[in-house]
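Everything on this sheet refers to the single structure shown next.
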Amino acid sequence: MNFLEKLLALDRRIIFLFIAIAVALPLFFTVKLHIEVTPVVRNLHNALEALPPGSKVLVSLDYDPGSMPELQPMAESFFRYCFMRDLKIIIIGLWPNGPIQANSALEVILNEPDIKKKNPKYGMDYVNLGYTAGNEVVIERMGSDIPVTFPKDYSGNKTEDIPLMKGVKNFNNIDFVYNLSAGYPGTVEWVLFGVDPYKIKLGAGNTAVQAPQIYPYLNSGQLVGLLGGMKGGAEFEIATGHPAKAVKFMFSQSVSHALICFFILIGNFAYFATRKKKGA
Amino acid sequence: METIGIWIAALLTLGIFSFLYKDNPFYKFCESLFVGISAGYWFVTTFWQVFMPKLADNLIAGRFYYMIGAIFGVLMLLRLFPKIGWLSRWSLALVVGTTAGLYFTRYLVSNGMVQVQNTIIPLYVKGNLSQTIGNLVIVIGTFSGLIYFFFSKEHKGAFGGLAKLGIWFLMLSFGASFGYTVMSRMSLLIGRMDYLLGTWLGLIR
Amino acid sequence: MKKTKAVLFSILIILFFFNLSFPQENLSPLPPTEVRASDTPNDNGHSITVTWKLSGDDGADKKNVVAYEILRSDSPTGEFIVRGMVPAGNNTYQDRGAKEKEDKNYFHPHKDFYYKVRAKTLNSYSESEVAGPAQAYGEWFHLGKLPVFVGTVTFTIMVLAFISLARKGKEFYVRPLAGIDAVDDAIGRATEMGRPILYILGLGSAADIATIASFTILNRIAKKTAEHKTKIIVPCNDPIVMSVAQETVKAGYLDAGRPDMYKEENIFYLTSMQFAYVAAVNGIMLREQTATNFYLGKFYAESLILAETGSVAGSIQISGTDEIAQIPFFVAATDFTLIGEELYAASAYLGREPLLLGALKAQDLAKAIVMISLALGALAASFHLGFFLKLFTVQM
């Protein structure tokens with residue numbers, strides 16, 4: 001067995017070890033990377049910038065702790081942006097864990113000094129209507145009546161008694177919808193059951209696994225903009241001028257990607273070289 | 001209290017990671033714990049978020065038409081009794097039928113007509129080479145992809161050639177997809193590493 | 001006092017020299033003209049659409065009109081109330097209201113309303129003449145959705161026609177699929193090795209087309225395993241899917257004439273949580289040393305983890321899903337992959353059921369129609385023939 005054959009038969013545990021090092025080591029360093037904001041993220045940011053202060057933004061968090069590293073920074077940066085711009089946030093979840101994720105993101109953001117100064121109030125500036133079962137049917141029902149779909153908020157207060165929800169009947173009273181999605185139900189359902197029938201303006205943040213599937217909706221204009229994976233999250237943080245978690249993790253992400261590319265290259269080289277030899 | 005929580009989470013993470021080395025009792029313990037807890041969590045969530053607000057509260061409020069849904073739900077449980085288990089098929093038929101109906105027009109519009117509408121683009125844009133190439137790729141890619149998924153004709157001759165072009169387009173898109181997923185997986189690993197090294201061990205800020 | 005007078009005097013002098021006059025007579029802009037109000041088409045009857053011709057002072061170089069206000073009244077001479085505002089450059093407004101009588105914003109259908117449009121500058125405005133009366137009323141049919149209706153009816157007729165043809169015994173050709181030819185070998189291998197077969201239906205619900213297609217394939221495979229006396233394990237992620245899977249496997253064993261061999265405990269529910277499910281299935285693969293793994297149905301992020309574990313365990317793997325994002329992993333990590341619709345085709349090919357075959361044929365015809373439309377459409381668009389696009393335009 002020559003070197004190349006050995007390389008092909010490399011114990012995958014060695015690769016795991018390399019990846020672990022490539023991910024962990026960069027976490028100890030603070031390296032400023034140049035992160036370019038791509039058009040799909042720029043479009044989302046522009047659409048948000050066009051909203052006047054006081055606009056009502058519906059945020060649907062459709063993920064669970066399994067997708068936290070990718071989507072939680074997006075939730076945090078979005079909430080921060082809304083508070084800074086005085087946009088009113090209405091939180092819902094099509095996944096049972098969504099509203100819990102929202103609360104933990106809010107806890108982080110509400111403790112930031114800039115936001116503390118703004119002192120956003122529950123019920124006036126933001127509200128968490130919690131989860132309701134029904135997947136895409138929930139979106140369908142919200143199109144005709146939001147308070148009927150979510151009669152109570154996360155803590156059990158009546159939706160109609162919440163000041164922020166006064167005058168919010170259906171999607172006509174919502175200025176923008178932002179969806180963080182890790183699967184079903186998620187962005188696809190929001191396009192199918194929200195955008196096309198009710199003409200809502202939709203922006204989304206997705207796990208990178210899902211992102212390629214969502215691209216056709218961007219090209220057709222059914223979706224305003226998209227944050228794809230942690231990189232998309234980092235771009236949004238740069239666009240909003242507040243680099244945070246996603247930007248911090250980009251160095252680790254880049255080093256690990258470089259290592260994977262290296263493995264793919266030498267793997268393919270070894271494969272073709274040994275095959276040629278066998279063929280000959 | 002929080003410290004105990006962090007320790008438990010960190011040790012369980014390491015337990016699941018240990019599978020990367022090889023299957024072992026520690027991993028098996030973590031796996032069983034995960035399955036058990038998630039099944040329990042699912043049950044509690046369904047009870048408090050679905051059963052209580054969607055059924056019980058409505059019945060208490062006098063909206064008795066919710067009994068129709070409840071009856072179909074009970075029919076589903078009849079599977080436990082083999083003799084009358086066939087009744088559960090009615091509930092299944094209801095679920096399958098309504099979902100199919102709900103999705104049919106939505107898919108036709110959002111994934112069919114709107115997408116076709118956006119693929120009908122000029123093949124040549126005067127004075128804009130990059131857009132011309134982009135449009136050609138979209139139109140030819142969509143067309144040859146559809147040929148690949150045409151099952152009524154064997155892939156031979158010119159038709160086969162187009163189908164082959166279609167699979168090339170598919171493979172290219174799969175490659176892009178693959179890249180995105182690698183990114184996703186790395187992000188998840190970064191998240192866990194940050195937890196282990198930062199939140200748990202306090203080595204990074 | 002003297003100082004103020006001096007300042008005022010000098011301002012007047014400056015204005016005089018620069019030939020500036022106080023723009024009193026030009027203060028209000030030209031009013032919008034040709035205001036029309038009529039029922040909004042294709043709605044439930046609680047809205048009136050107002051259109052107008054832009055004010056002569058609305059334009060890039062004039063810029064003094066900043067917005068239009070739309071006012072409404074019950075009578076041409078009554079009090080007009082502002083209903084809404086649109087930025088300059090817009091010439092339509094939909095005056096919408098609620099359909100519930102108790103709502104403050106209730107819009108009365110079948111009642112005469114009169115409209116005026118007000119062109120506004122930063123510090124002045126002018127009003128159009130009164131338009132109306134107009135009444136809001138609902139329509140029975142939303143004509144903007146006609147293409148959807150035509151599409152739905154045509155496709156339904158196609159499916160029903162092909163199903164009926166298949167029932168009458170017409171032979172339909174379905175091209176061979178690589179993954180399907182491998183199924184028999186895979187089952188044979190498991191039998192030789194004396195190890196079980198693992199069948200994963202994915203994370204979809206019983207209503208997902210991919211899961212339904214997978215049930216048909218499961219039925220065929222169950223029949224084959226019954227014939228070969230090979231154990232089949234089906235761990236499920238959804239209780240309803242589990243119930244259907246039990247029925248399906250049972251039917252397969254019945255078809256093979258071995259109902260006695262059917263063991264319900266081999267088709268079981270694990271958990272609905274994605275990664276907990278994956279962890280458990282991984283465990284099963286390694287402990288049971290399954291010879292062949294099938295992954296057919298709806299898959300998400302777990303696809304690669306499952307396929308990778310199976311590959312490490314040395315199992316033969318056949319996969320198929322319509323989740324585009326997951327296909328690359330199956331292509332890379334399993335031996336055969338049914339890409340997207342091939343999964344449905346495989347199910348029709350194996351099942352030879354008129355229902356599936358008919359649907360597959362109808363889909364092929366629909367695809368042919370789309371391909372022709374695409375080709376013609378691209379040509380039409382290249383020669384700037386806009387009418388073609390309208391065929392696909394759906395108003396909501």
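Here the structure is a predicted model, which means the values were calculated and not measured. Convention: sequence-line order gives letters A, B, ...; per-chain numbering from 1.
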Evaluate whether atom [atom1] of [X] has more than 12 neighbouring non-hydrogen atoms of other residues, nucleotides or ligands under 6.0 angstrom away.
X: Arg185(B); atom1: CZ; value: yes
X: Phe262(A); atom1: CZ; value: no
X: Phe18(A); atom1: CZ; value: no
X: Phe29(B); atom1: CZ; value: no
X: Tyr21(B); atom1: OH; value: no

Given that the side chain runs from C-beta out, which part of [X] has a heavy atom under 4.5 Å from chain B: side chain, backbone, both or neither?
X: Tyr217(A); answer: both
X: Glu136(A); answer: side chain
X: Ala211(A); answer: side chain
X: Ala246(A); answer: neither
X: Gln253(A); answer: both

statement: In terms of heavy-atom contacts, Asn118(B) and Asn219(A) come closest through OD1-O, 4.3 Å
Closest approach of Ser184(B) to Ala208(A) (non-hydrogen atoms, all atoms of both residues): OG-N, 3.4 Å
What part of [X] is in contact with chain A, defined as an atom under 4.5 angstrom from a non-hydrogen atom: side chain, backbone, both or neither?
X: Thr45(B); value: side chain
X: Leu203(B); value: both
X: Leu102(B); value: both
X: Tyr41(B); value: side chain
X: Leu189(B); value: both

- request: Considering only heavy atoms, give the residues of residues 58-65 of chain B separated from chain A by less than 4.5 Å, sorted numerically, with 'none' for an empty result.
  value: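 Counting heavy atoms that sit under 4.5 Å from chain A, no residue of residues 58-65 of chain B is involved.
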Heavy-atom pair count under 4.5 Å with chain A, highest-scoring of Thr46(B), Asn111(B), Val50(B), Ile138(B): Asn111(B)
message: As an exercise: rank Arg192(B), Met186(B), Met193(B), Lys54(B) by heavy-atom pairs under 4.5 Å with chain A and give me the winner.
response: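 Answer, by heavy-atom pair count under 4.5 Å with chain A: Met186(B).
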field: Polar side-chain atom of Gln49(B) near backbone of Thr132(A) as donor-acceptor pair, under 3.5 Å
entry: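 Checking the backbone N and O of Thr132(A) against the side chain of Gln49(B), no donor-acceptor pair under 3.5 Å is found.
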Would you give the length of the straight line joining atom [atom1] of [X] to atom [atom2] of [Y], rounded to the nearest 0.5 angstrom?
X: Tyr180(B); Y: Gln213(A); atom1: OH; atom2: CD; result: 12.5 Å
X: Met68(A); Y: Ser187(B); atom1: CE; atom2: OG; result: 13.5 Å
X: Met183(B); Y: Ile260(A); atom1: CE; atom2: CD1; result: 12.0 Å
X: Leu108(B); Y: Asp196(A); atom1: CG; atom2: CG; result: 11.5 Å
X: Tyr103(B); Y: Phe193(A); atom1: OH; atom2: CZ; result: 4.5 Å
X: Leu188(B); Y: Thr207(A); atom1: CG; atom2: OG1; result: 8.5 Å

field: Ring centres under 6.0 angstrom apart (Phe16(A), Phe17(B))
entry: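 Distance test on ring centres: not under 6.0 Å, no.
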message: Between Glu140(A) and Arg106(B), does any NZ, NE, NH1 or NH2 come within less than 4.0 Å of an OD or OE carboxylate oxygen?
response: yes
field: Side-chain ion pair, Asp194(B) and Lys248(A), N-O less than 4.0 Å
entry: yes
task: Just give me the residue among Pro26(A), Gly130(A), Pro96(A), Pro216(A) that pairs up with chain B most often, heavy atom to heavy atom, under 4.5 Å.
output: Pro216(A)
What pairs of donor and acceptor atoms, side-chain ones from residues 4-11 of chain B against any protein atom, are under 3.5 angstrom apart with sequence neighbours left out?
none

- prompt: After noting the C-alpha distance and the side-chain angles of Gln222(A) and Ser110(B), does the key distance pass the side-chain contact (heavy atoms from CB on, under 4.5 Å) rule?
  reply: CA-CA 8 Å; Gln222(A) 286 157 295; Ser110(B) 303; 3.8 Å; yes
